[in-house]
Amino acid sequence: QVQLVESGGGLVQPGGSLRLSCAASGIIFELYNMGWYRQAPGKQRELVATISRGGTADYVDSVKGRFTISRDNPKNTVYLQMNSLKSEDTAVYYCTANDGLMAYWGQGTQVTVSS
């Protein structure tokens with residue numbers, strides 16, 4: 001059974017930082033491209049960042065220079081370091097795993113940026 005379990009969300013003030021983690025089980029982690037999506041209230045889910053099996057990272061323009069995605073293959077975990085957070089970053093953040101044939105999703109973790 002595949003599981004992706006996100007953690008690290010919470011309430012933070014504008015300008016603050018959070019680090020999200022996503023622990024994967026039930027897959028051969030190093031064979032999967034990993035990603036983070038987010039969905040704000042009333043908006044469509046959007047891709048935030050991806051990291052390939054080889055470690056190549058890519059970001060949506062709105063988070064470039066502020067967010068960093070990384071992966072630790074021995075720990076089967078992908079991270080999203082979020083700095084200089086803005087109110088518009090408020091959303092539920094979802095972890096994904098994709099090997100080109102199958103895609104799996106976590107349950108999401110809430111990030112709220114507010115003073």
Side-chain angles (χ1 to χ4, degrees):
Q1 182 181 359
V2 178
Q3 283 192 311
L4 301 177
V5 180
E6 301 100 334
S7 61
L11 173 64
V12 63
Q13 292 185 343
S17 298
L18 283 175
R19 189 176 81 153
L20 305 183
S21 300
C22 171
S25 60
I27 59 172
I28 303 174
F29 185 77
E30 55 263 34
L31 297 183
Y32 281 73
N33 301 310
M34 303 298 295
W36 289 94
Y37 282 72
R38 66 185 179 188
Q39 188 166 20
K43 294 188 176 181
Q44 289 189 331
R45 192 171 295 190
E46 70 166 346
L47 179 61
V48 176
T50 60
I51 186 164
S52 71
R53 295 178 297 179
T56 300
D58 197 11
Y59 304 90
V60 67
D61 285 347
S62 60
V63 308
K64 283 181 180 177
R66 300 189 297 123
F67 290 12
T68 303
I69 189 171
S70 61
R71 64 190 296 160
D72 187 335
N73 287 347
K75 293 185 178 180
N76 289 359
T77 301
V78 62
Y79 303 98
L80 186 67
Q81 177 67 45
M82 306 186 294
N83 299 329
S84 302
L85 283 161
K86 306 176 181 180
S87 58
E88 51 262 44
D89 296 317
T90 294
V92 178
Y93 284 71
Y94 298 90
C95 172
T96 70
N98 190 323
D99 70 350
L101 296 175
M102 296 292 294
Y104 302 99
W105 292 80
Q107 292 299 305
T109 185
Q110 176 70 47
V111 171
T112 303
V113 184
S114 175
S115 56

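Throughout, numbering of the chain's residues begins at 1 and tracks the sequence. From a predicted model like this one, the values you see are computed outputs, not experimental measurements. Just so you know, these numbers use all the heavy atoms, side chains as well, and skip hydrogens, waters and symmetry mates.
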Next on the checklist: A quick test of your reading: do over 12 heavy atoms of other residues, nucleotides or ligands sit less than 6.0 Å from CD of Glu88?
Outcome noted: yes

Next on the checklist: Starting from Leu18, can I reach Val60 by hopping between I/L/V/M/F/W/Y residues whose side chains sit under 4.5 Å apart?
Outcome noted: yes

Next on the checklist: Around atom CD of Gln39, are there more than 12 heavy atoms from other residues, nucleotides or ligands closer than 6.0 Å?
Outcome noted: yes

Checklist entry - Under the side chain to side chain contact (heavy atoms under 4.5 Å, CB included) test, which residues partner Asn33, sequence neighbours left out? => result Ser52, Arg53

Next on the checklist: So which atom in Pro74 and which in Asp72 form the shortest heavy-atom distance, rounded to 0.1 Å?
Outcome noted: CD-OD1, 3.0 Å

Next on the checklist: I need the full list of side chain to side chain donor-acceptor pair (under 3.5 Å) pairs touching residues 2-15, with sequence neighbours left out, sorted by first then second residue.
Outcome noted: none

Checklist entry - Does anything in residues 53-115 pair up under disulfide (SG to SG under 2.5 Å), and if so which pairs, sequence neighbours excluded? => result Cys22-Cys95

Item to check | Results of side chain to side chain contact (heavy atoms under 4.5 Å, CB included) for Ala23 - residues two or more places apart only | outcome: Thr77

Checklist outcome for this item: In this structure, CG of Leu80 is separated from OG1 of Thr109 (nearest 0.5 Å) by 11.0 Å

Checklist outcome for this item: So side chain to side chain donor-acceptor pair (under 3.5 Å) across residues 15-25, not counting sequence neighbours, yields Ser17-Asn83

Item to check | Results of salt bridge (Lys or Arg N to Asp or Glu O under 4.0 Å) for Lys64 - residues two or more places apart only | outcome: Asp61

Checklist outcome for this item: Taken in chain and number order and not counting sequence neighbours, the residues that satisfy salt bridge (Lys or Arg N to Asp or Glu O under 4.0 Å) with Glu30 are none

Item to check | Partners passing side chain to side chain contact (heavy atoms under 4.5 Å, CB included) against Val113 (at least two apart in sequence or in another chain) | outcome: Val12, Pro14, Leu85, Asp89, Thr90, Val111

Item to check | Distance (rounded to the nearest 0.5 Å) between Gln81 CD and Ile69 CD1 | outcome: 12.0 Å

Next on the checklist: Just verifying a value: how many Å separate Met34 CE and Ile27 CD1, rounded to the nearest 0.5 Å?
Outcome noted: 5.5 Å

Item to check | Any residue meeting side chain to side chain contact (heavy atoms under 4.5 Å, CB included) with Ser84, in chain and number order, not counting sequence neighbours | outcome: Arg66

Item to check | Closest non-hydrogen atom pair between Phe29 and Val78, with its separation | outcome: CZ-N, 4.0 Å

Checklist entry - Minimum heavy-atom separation for Arg38 to Ser62, with atom names? => result NH2-OG, 3.5 Å

Item to check | Qualifying disulfide (SG to SG under 2.5 Å) pairs with a residue from residues 46-93, counting only residues at least two apart or across chains | outcome: none

Checklist entry - Which pairs with one or both residues in residues 35-63 pass ring pair (Phe, Tyr, Trp, His ring centres under 6.0 Å), sequence neighbours excluded? => result Tyr37-Trp105

Checklist entry - Got Leu31 and Asp99 here, is their nearest side-chain heavy-atom distance under 4.5 Å? => result no

Item to check | Of all pairs that satisfy ring pair (Phe, Tyr, Trp, His ring centres under 6.0 Å), the ones with a partner from residues 76-100, not counting sequence neighbours | outcome: none

Next on the checklist: Are Asn98 and Thr96 packed together at the side-chain level, in the sense that at least one heavy-atom pair is separated by less than 4.5 angstrom?
Outcome noted: no

Checklist entry - In terms of hydrophobic clusters joined by side-chain contacts under 4.5 Å, are Val2 and Tyr32 together? => result yes

